[in-house]
Every structure is written in structure tokens, then in C-alpha cells.
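The structure appears right after this line, and notes come after that.
Counting starts at 1 for both ligands and their atoms, following the listed order.
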Amino acid sequence: MSYKLLIDGKLVDGKCQVDVINPADESVISASPVADATQLEKAVAAAAQAQLGWAATPLAERAACLRALGERVAAREADIARLITLEVGRPLPLAHFEAQLVQKSCAYYSEQRLDNEVLLDDEAMRVEVQRVPLGVVAAILPWNAPLYLAINKLAPAVLAGNSIVLKPAPTTPLSTLLLGELMADIFPSGVVNIITDQNDLGAALVAHPKVAKVAFTGSTVTGRKILSAAAEQLKKVSLELSGNDAAILLPDVDIAAIAPDLIFGAFFNSAQICAVIKRLYVPESRYDEICEVLAAGLSQAKTGNGLDPDVQFGPIQNAAQFDKVKGFLEEARRSGTIICGGEVPDGKGYFITPTLVRDVSDGHPLVDEEPFGPILPIIKYSDVDDAVRRANASPYGLGASVWSADSSAAQRIAARLEAGTVWVNQHCAIDPSVPFPTTKCSGLGVEAGREGLLEFCNLKVLNIKK
Ligand code: NAD
């Protein structure tokens, strides 16, 4: 199969091609087209040209396009899921889950309305609040969940009457390009454009004077660069950035019962998710026992190629990230105790077996930084107030969770945690209909849900003297 960019309604070749690597065996999945600056210019120009007409298109018609996209994704779910597994590495059932979230996002946003709100209507005045589109949106994406993160920008942006230029990450362009092929004849030309790069077009997209808003998911380092570049033209930005989610286990937890959910919450997608558990705070009185139960549970899991139905954990998505995570593993070996995993199997593929590290604490790089890979530090606490203080001491504030047999007790602790989302007795439960807010250095703005839609609108007030 050959992949194409989507520019001005046409599926076109890039200016060159690069091989996209399967992280499970380092084979070439396919060549991907790569755009150049001229094609970026064409994509933005097409988006700007199309936007006014699209904004004037009735919302019901815009919603119908989204519904049609959801149906196409449903019809091709098997192909999409397989491609996600090939390029991201995620086991096939979880790749299906991502493809299903795309369908849910299309369905959810196609049901949303942006009706005007009448604040005042009397003999003298009528004041109406409207939600109007921003113009051209640039969506810039990371490699860990390419389609979910793309659709959560595309669906609300186009429903609100914006046009969009999407740029996937250089190592995972294929599933987004397949999505482009599926929607090429659904949306009017120029409304949706997809370009790819080799990590060299993002800055130009952000700086482009015709781009009104940048919707970005990725690292805090890049998020800061985008925010400062956007400041020049006072562009709107929404930034979904790095996280270092803490989970606090209260002393009454039934560890055998919650172990599978904890393991899922920490190692989903081999922990290459912004909001998985990255620090696990455990009461000192139960530290040894909890470490043992988790190690016993996790050691049953199989790591390998995501197409193998027996595999629960796939590879690290790319070689650079693999090296970074191996660096964290070395740190863990030097100054912690690895009680599960910690292996880098010989042979092809960027594999690290899911790893639990005990006897580390705050101040260790594994606790303070985001490995973005399958290594979880288990940290002792003696006093829950101290655990809350340490959980909140991070510069990040994406997600957090509290686990207890007593949900009310957990909710009282949850109220004190500084994070966009605090889960109780679960972690990383996401849905396109539920807002995913950010705090501190984890970002600006909200993605998903109704609030995620409003991020793609300007408020406009029509104030009429009668
Ligand atoms: P990254 O910041 O390196 O790259 C993300 C995207 O930004 C890529 O498409 C890249 O080409 C582009 N880019 C690079 N430099 C740019 C610049 N100067 N201007 C504009 N665009 C530029 O992130 P990554 O390594 O692909 O992803 C991993 C990070 O993403 C982790 O820190 C993770 O926590 C974060 N993440 C956050 C969320 C969230 O919702 N908060 C979700 C997924 C991942």
C-alpha cells in the first residue's frame, strides 16, 4: 500500500520519502511521503481558502461529515488497528481500542451543538453570545497514540467551522495518512489537510501567519517552544504535555483485587502514555507485601510483537526513546532494587520488559522525571499527608489517582491532589466525551469533551440596540 499526503482535497506524494520502522522487529513497514516547506505552504493556503465556506456550511452538514468519517473508520477498523500495532507497537486489542475511540470521538462531536445564547432580549436591547470558529488550526501530534490524539483535535475543530492542518510525529505517520485517505472525499477540499515531516516543519506551522490556533500534544520542552513562538502573533494554543502521575494507595487496599488495574494503569501501551501511573506511593506498613504482589502479577505478562495474541506489552515506539528509557533503567539498577522485569532482550525490536523498582524515593530521576517507558518506581510513605505533599511536589499535573477500599476516604484525598484528572480506584480511564484538563507544566487548556470543543471557538457578542 502506498501512503499519500492530503493537501487541498487531493492525495499527493511528498517531496521525498522515508521508511517507517516497525519497532517490534525493526523491519520497514512502508515508505512514507515527507512534505517540504512548499507543501506546508500549500496545505495552509488551502485550509485558509476553504475555511470561510466551511464556517458558512450549516453545523448539521459539518456534523454529517464527522459521522461519515466515523462510519468509514468502523468499516476499516481491522486495517487501522493493524497499522497502529505495526507502527506504534501496541498489542492489537489495544489498537482496536484506539480505532474505536476515534469512532466514539466522531460520534460524540457530531452530536454537539453550538447554539447562540440570548443573554437579554427586551424592548430596548438584544444581546446574543455566539461561538464562532477561529480559522485555520494547526494540530501537531506525538507518536504514542497518533489517531486518538489526532481525532480529538480534528473532530471538535471542524465541527466548530475551522479548517485544519494535521502533522503527525515523524515515526508514526502511516495511520494518520490512512485516516486522510478515508476522509479525502468526505470533507470539502482544503478543510482537512495532512502533512508529514522529519521533525522540521512543526515550527514553521506554528509560526505561519495564517494559522490562528495551535493544538499540540507532546513534550513540555516542545510545548514551551510553541507557546513562545505563538506569543509573537498572540495565537491561541492548547497544549497537552508531559505528565508524572502519582498514584497513592491507602493502607486499606485489597492489593490482590486491584493489582490488575494498577498494572494496567501504569503499563498501558508499555507506559508510553502521558497519563499512566509514573510514581506509586505505598504505605510503609504494607510496602513489602504490595511490592511482592505487583511483581508476581506483572511477571506473568508477556512482552513481544503486538500482533501476537498472547502479548500484553509491546515495544518502545522508536530508537531514540528506547535509548532514553534504557538510561532510566541504568539509573534504576544503580540506586534502586529491580523486583520485576528490567530485561532488554537480545535481538531485533525495542523491547524492555515491564519493570518495577523499589527502594527509590523522591529526588531520584526515576521518580522526579517522566521515563515515558515501562519502569515504575514504588515509593514508601509513612503518613498520607506526606504522600499527598510529595505527589503534589511535581511540576507536572496531568493525572493522579487514589486507591482504597473506602471510596469516600479516597475521594477526600483526591480533592487535595493537584491534577487535571484524579481517578479513584482506577487510572487512565479516558473517553472523548470526558474533558481532559491540564494543570501546571502539563499544559494549557482542555482536550476532549464539551470544553475541548469550546477551545476551538471564539466567543463573539452581538449587542443590538432596538
Ligand atoms: P515531542 O514534543 O518531541 O514531539 C511532538 C510533536 O512536536 C512531533 O510531531 C514533533 O515533530 C513536533 N515538534 C518538534 N519540535 C517542534 C517545534 N519546535 N515546534 C512545533 N512542533 C515541533 O513529543 P514526543 O516525544 O513525540 O511525545 C512524547 C511526549 O508527549 C511525552 O512527554 C508525553 O507525556 C507527551 N504526551 C502528552 C499527552 C497529553 O495529552 N498531555 C499525550 C501524549 C503524549
Per-ligand residue contacts, ligand 1, heavy-atom threshold under 4.0 Å:
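Those residues closer than 4.0 Å to ligand 1 by some heavy atom are I140, L141, P142, W143, N144, L149, K167, P168, A169, P170, N199, G202, A203, V206, F216, T217, G218, S219, T222, K225, I226, E240, L241, S242, G243, C274, E370, F372, L398, F436.
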
Considering only residues two or more places apart or on different chains, which pairs with a residue in residues 175-191 satisfy salt bridge (charged side-chain N to carboxylate O under 4.0 Å, His left out)?
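Found R72-D185.
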
What orientation do W423 and F436 show, parallel under 30°, tilted 30 to 60°, or perpendicular over 60°?
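Ring orientation of W423 relative to F436: tilted.
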
Kindly write out the residues that satisfy side-chain hydrogen bond (donor to acceptor under 3.5 Å, both in side chains) with E98, not counting sequence neighbours, or none if the list is empty.
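Result, side-chain hydrogen bond (donor to acceptor under 3.5 Å, both in side chains) vs E98: R90.
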
With a 6.0 Å cut-off (strictly less than), is the heavy-atom count around CG of D346, excluding the residue itself, greater than 12?
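Not buried by this count: 12 neighbours or fewer within 6.0 Å.
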
Give me each pair satisfying side chain to side chain donor-acceptor pair (under 3.5 Å) with a member in residues 34-50, each pair once, sequence neighbours excluded.
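Pairs touching residues 34-50 that pass the test: E41-H208.
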
Assess whether a salt bridge exists between D79 and R82, defined as any Lys/Arg side-chain N lying under 4.0 Å from an Asp/Glu carboxylate O.
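So D79 does not pair with R82 through a salt bridge.
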
